[in-house]
Protein chains: 2
Amino acid sequence: MEPSTNVLDLNLLRRSCSSCALNELCLPAGIGGDDLTRLDGTVKDKRTLERGGVLYRDGDPFKALYVVRSGSLKTFVQNEAGDTQILGFHLPGEIIGFDALASNRHASQAEALERSSICELPYAQLQQVTSEVPALHRQLMRVISREVVEEHRHLVMMGRQQAQEQLAIFLKSLADRYERLQRDGAALTLTMSRYDIANYLGLVVETVSRLFSRMEEMGVLEVNRKAVRILRPDLLADLCRNGHPTGSRRNDAG
Amino acid sequence: MEPSTNVLDLNLLRRSCSSCALNELCLPAGIGGDDLTRLDGTVKDKRTLERGGVLYRDGDPFKALYVVRSGSLKTFVQNEAGDTQILGFHLPGEIIGFDALASNRHASQAEALERSSICELPYAQLQQVTSEVPALHRQLMRVISREVVEEHRHLVMMGRQQAQEQLAIFLKSLADRYERLQRDGAALTLTMSRYDIANYLGLVVETVSRLFSRMEEMGVLEVNRKAVRILRPDLLADLCRNGHPTGSRRNDAG
DNA sequence: CGCGACCTTGAAATGAATCAAGTCCCGTGG
DNA sequence: CCACGGGACTTGATTCATTTCAAGGTCGCG
């Protein structure tokens, strides 16, 4: 995140949905001006979280859906024993909190990875508006569906046998998301820790660390702590398919 | 699946949503009699698929959501190279096809694991009804949300370091789902192949096969081809937490 | 009755986890 | 402003679970 972004945020915070830079990515996509104004009225408040700040916890009553406006968050579940599984990393324009719709309680925790600002969409009001604006209803469904598709990508990534493939796919998909945000997809800022990345992929830290080193040696990346530059997108794309050049056995379900 | 079930299916097929044995699990849960009749009118047809039959393919235009009425299906994605990742196995009462809402095209393939019957909910009509019946709208959202939560379970399972833990969790969750269907949760019928299970968990067949053998040796299971009996649910629950008795290092994200 | 898909089992190879140091960086407090 | 401390990260050596390779067995079906 460039320092300039933080400065701009102050202005962004004062804007409404209709003028939000994210409105193509966020809920309102494809909704007309009049309806947009009504949606804007339901956005309760636009709060900020510091790094490590918790947006909601597992078990919290469901009050709202949340749109990441700037910064980034992680969502994760934890079992009784404290074992954690990270479910996702969330960039601006992404909506989180859907898991609470099922039971009216959140089934995961959301935590800021850096100073982030969030739009809160109180569900009661959202429901009111969606019932009045059918287009918004359809749009909301579409957004949840996107969430489902996104999780499929996570599953595909985790299903890979080679750790290097997994990390390559992770970086590639992060780059893709950057570009959708009009950011430079080659210059990634990994706001999450190496532990987070490892957990997200089902690996241990040491493996992730070694893979970054290896990919740097191969000339694919330039790694500088949290700053990762993709030097050879073509090679990275290759790694997404093959852990190493030689064709490898796949586990194609019968 | 006991043979008796197949006989009963013929009767089930003639029934409507309001009298369906699954209506507690399926979409209509919590909807009143009058509204139920209207929903029933939108169920276009109740088709059957043979083993291996395809309900929808990746890229197919989105026409409907589908409720599994009897039997079982798998959903999966395939990349250009033919690598497969199984996303889920679906039992009666479960609704599939949500991934198509985002782009109006299916983003996965659904295939029957045995002779199965399916309720088709054409989306155009469903939209009509949900706009008239707010309760159904809320219910539909709740069902999609359940799908999201379900996928989180899949991710948690895949994130485990020990293959034995993964398989144990898989069997445990299958047993739980059986019980929700009023079936004997100790007597599982694995309609999917060992290849499918392996792929679902991100393992290779041989590993899964060995794990079944090992769990049988341990006295946890009785394995007889597709029929698996859980002899010691307590031990199975232990295995869900620990690959082996000794406490093991976890990867708890920082 | 034999073929083929599915499954199991064994032996060997290997990639990731584990164990163990050591370094770097950043925030804190002197 | 610098020293200190602790968490995050990296790297090396070793262990070990799972994959890979190979072969044989079983079952259902033509």
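Order of the sequence lines fixes the chain letters, A, B, ..., with proteins taken first and strands second; residue numbering starts at 1 for each chain.
For A:S193, the listed nucleotide lying nearest its side chain is D:dC9; candidates were C:dA17, D:dC9, C:dT9. Checking D:dC9, C:dA16, C:dA17 against the side-chain heavy atoms of A:R225 singles out D:dC9 as nearest. The nucleotide whose nearest atom lies closest to any side-chain atom of B:V204 is, among C:dC19, D:dT20, C:dT8, D:dT20. The B:T207 side chain lies nearest to D:dT19 when the options are D:dT18, C:dT18, D:dT19. When each of C:dT9, C:dA20, C:dA16 is scored by its nearest atom to the side-chain atoms of A:R214, the top-ranked nucleotide is C:dA16. Nearest to the side chain of B:K226, among C:dC7, D:dT19, C:dC19, sits C:dC7. Taking the side chain of B:L203 as heavy atoms from C-beta on, and the options C:dT8, D:dT19, C:dT18, the nearest nucleotide is D:dT19.
For the pair A:Q166 CD and C:dG15 P, the computed distance is 14 Å after rounding to whole Å. Rounded to whole Å, the distance from CZ on B:R51 to P on D:dG28 is 12 Å. Between the OH atom of B:Y195 and the P atom of C:dT8 there is a distance of 10 Å, given to the nearest Å. Spacing between atom CE of B:M192 and atom C1' of C:dA5 amounts to 18 Å, rounded to whole angstrom units. Computed from coordinates, the A:E216 CD to D:dT11 P distance equals 8 Å when rounded to whole Å. Rounded to whole angstrom, the span from the CZ atom of A:F212 across to the P atom of C:dC24 amounts to 19 Å. The distance between atom CG of B:N224 and atom C1' of C:dC7, rounded to the nearest whole Å, is 13 Å. The distance between atom CD of A:Q161 and atom C1' of C:dA13, rounded to the nearest whole Å, is 15 Å.
Under the side chain to side chain contact (heavy atoms under 4.5 Å, CB included) criterion, B:R153 pairs with B:V149, B:E150, not counting sequence neighbours.
Ring-plane geometry between B:Y200 and B:F89 is classed as tilted, the angle between the planes lying from 30 to 60 degrees on a 0 to 90 degree scale.
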Subject >> Intermediate values then yes/no, ring-ring contact (aromatic ring centres under 6.0 Å, His included), B:Y66 and B:Y56 >> reply: CA-CA 10 Å; B:Y66 305 92; B:Y56 55 80; 5.8 Å; yes
**OP:** Give the C-alpha distance, both sets of side-chain angles, the deciding distance and a yes or no for salt bridge (Lys or Arg N to Asp or Glu O under 4.0 Å) between A:E114 and A:R51.
**Re:** CA-CA 4 Å; A:E114 61 187 315; A:R51 180 170 194 281; over 6 Å; no
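Here A:R47 pairs with A:E120 in a salt bridge; the nearest charged N to carboxylate O distance falls below 4.0 Å.
Taking for each of A:V223 and B:L211 the nucleotide of DNA chain D with the nearest heavy atom, the 5'-most of the two is the partner of A:V223.
Residue side chain A:R194 does not reach the base of D:dG7 through any donor-acceptor N/O pair under 3.5 Å, judged by distance alone. Within 3.5 Å, a donor on the side chain of B:R210 pairs with an acceptor on the base of D:dT20, or the reverse. The base of D:dC16 does not come close enough to the side chain of B:Q162 for any donor and acceptor atom to sit less than 3.5 Å apart.
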